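Here the structure is laid out as structure tokens; the discussion comes afterwards.
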Amino acid sequence: MNRPGVKTLFYTVALLTVLMVWSFNGLADMAPAGLDPDVEKETLILKRDTINDAIGRYRSEIEAIDGLLLNLKMDQEWLDLKCLDIQAQERGLPQELIESRNLIREKQNRAARERKGLLEQIQAHTLALEKLGIPMDQKKIQGGKLFDAGDATPDNGHFVEEDLVSTDLGKELTTRIDAMGIGDWVELINDDSGIRLEVQLPILFAPGRSTIIGSYEDFLEKLATLARPHAVFVHVNGVTDTAKSKKISNIDLGARRAAAIVNRLVRYGLPPSIFKITSRGEYPEGSPVDATTPSLNRRAEITVYFSRTG
């Protein structure tokens with residue numbers, strides 16, 4: 001056999017194979033560039049909308065987790081105060097209370113981990129949006145909160161859509177509070193945590209009682225009227241003086257006072273599902289009971305949290 005001819009044939013076949021591979025790769029690289037511009041734009045928009053939908057779901061899940069964490073915090077505070085009340089009576093803590101506190105802590109840790117994971121997912125999806133090169137509906141995260149990608153952060157004095165919603169809602173509530181004549185009763189607070197209304201003049205009770213005095217009826221009806229059109233969460237906390245009773249503990253008495261407020265607000269049109277009842281008994285938050293004015297310690301505290309989108 002003529003070996004030089006075989007080598008020539010071999011090299012020829014190899015060269016043709018390389019040229020065919022190069023040609024195929026070149027066509028493959030050129031294929032996306034040859035797409036119809038309208039089709040390519042629609043594809044990018046579809047990807048953007050899919051990513052935005054995912055971000056929206058993650059944000060809704062974070063809001064739900066925030067609500068759960070708030071409830072768990074209140075449950076933990078109530079259990080801690082219940083344990084404090086039992087220890088003040090020099091009684092041993094029931095095992096059920098100890099297990100309940102441990103369970104709440106586990107739920108808090110699990111919810112916090114889930115929240116962190118969702119924020120990381122939002123961050124990853126935000127980066128994916130930026131790579132698409134379509135500025136519409138993009139979001140970015142700073143300090144665990146979402147901002148429009150094209151806007152400066154609030155540190156630079158710019159606002160995003162949620163800020164505008166909060167501002168408008170705050171103005172509306174302020175106007176209605178003034179019109180109802182309850183401005184001296186309440187304080188409207190609008191900060192990073194959202195909009196909330198705190199009742200500044202406490203709802204007072206008679207010693208050892210949980211019956212609402214008639215003079216508060218008008219205010220409670222107006223408070224329910226103010227909150228009724230909005231998506232709200234209402235926290236009612238009961239407080240007592242230091243007087244002891246053999247019939248009922250101060251923690252339970254505080255809870256009854258809070259429940260009386262809730263029952264009255266429900267009667268005025270608010271749904272029962274929006275309320276959270278807690279009791280501090282004779283252990284109010286932040287400072288000891290004022291022994292010089294025990295009547296001010298026999299009270300119920302009301303806080304109304306307004307949803308930004310409600």
Side-chain angles (χ1 to χ4, degrees), residues 56 59-60 62-71 73-74 139 143-148 151 153-155 157-204 212-239 257-278 284-286 296 299-310:
R59 294 180 69 190
S60 297
I62 288 175
E63 290 179 1
I65 290 176
D66 287 342
L68 173 62
L69 287 171
L70 178 61
N71 284 333
K73 181 178 182 294
M74 292 178 179
K139 300 286 181 180
K145 297 186 177 181
L146 293 177
F147 300 99
D148 286 335
D151 290 338
T153 62
D155 290 339
H158 293 268
F159 297 93
V160 293
E161 183 178 356
E162 287 188 353
D163 296 310
L164 295 175
V165 171
S166 297
T167 302
D168 292 342
L169 178 57
K171 290 181 179 179
E172 175 191 343
L173 292 173
T174 299
T175 300
R176 295 187 64 202
I177 288 171
D178 292 340
M180 291 179 175
I182 57 175
D184 292 336
W185 285 75
V186 302
E187 180 181 4
L188 191 66
I189 301 171
N190 188 355
D191 55 25
D192 290 341
S193 63
I195 297 180
R196 67 184 184 277
L197 181 146
E198 295 182 354
V199 176
Q200 297 299 300
L201 296 180
I203 310 298
L204 301 179
I212 297 175
I213 300 173
S215 57
Y216 295 114
E217 292 289 348
D218 181 62
F219 167 72
L220 292 174
E221 184 175 5
K222 289 180 178 178
L223 181 64
T225 302
L226 176 70
R228 202 160 49 225
H230 305 281
V232 297
F233 173 82
V234 183
H235 176 206
V236 184
N237 180 53
V239 184
R257 288 172 174 170
I261 297 294
V262 170
N263 288 335
R264 197 56 44 90
L265 292 174
V266 169
R267 180 185 301 178
Y268 291 133
L270 294 181
S273 59
I274 68 172
F275 290 95
K276 178 72 176 183
I277 291 176
T278 61
E285 184 176 15
L296 295 180
R299 67 183 188 272
E301 303 165 337
I302 307 173
T303 305
V304 182
Y305 298 87
F306 290 83
S307 170
R308 292 182 184 274
T309 57

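These figures come from a predicted structure and were not determined experimentally.
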Determine whether [X] and [Y] make a side-chain contact, defined as any pair of heavy atoms from C-beta on separated by less than 4.5 Å.
X: R228; Y: L270; value: yes
X: L173; Y: H230; value: yes
X: V232; Y: L197; value: no
X: I261; Y: F275; value: no
X: L220; Y: I302; value: yes
X: L204; Y: Y216; value: yes

Describe, in one word, how the ring planes of Y305 and F233 are oriented to each other, choosing from parallel (under 30°), tilted (30 to 60°) and perpendicular (over 60°).
tilted
What's the spacing between [X] [atom1] and [Y] [atom2] if we round to 0.5 Å?
X: K222; Y: I182; atom1: NZ; atom2: CD1; answer: 7.0 Å
X: L265; Y: L223; atom1: CG; atom2: CG; answer: 5.5 Å
X: N237; Y: T303; atom1: CG; atom2: OG1; answer: 8.5 Å
X: L188; Y: L169; atom1: CG; atom2: CG; answer: 8.0 Å
X: M180; Y: T175; atom1: CE; atom2: OG1; answer: 11.5 Å
X: Q200; Y: D184; atom1: CD; atom2: CG; answer: 11.0 Å

Is there a donor-acceptor pair closer than 3.5 Å between any side-chain N or O of R176 and the backbone N or O of L226?
yes
For V239, is there any backbone N or O sitting under 3.5 Å from a side-chain donor or acceptor partner on R257?
yes
Identify the heavy atoms of [X] and [Y] that sit nearest to each other, and give their distance.
X: A258; Y: G238; result: CB-N, 3.9 Å
X: G170; Y: I195; result: N-CD1, 3.8 Å
X: F306; Y: A227; result: CE2-CA, 4.5 Å

D178 atom CG, over 12 foreign heavy atoms within 6.0 Å:
yes
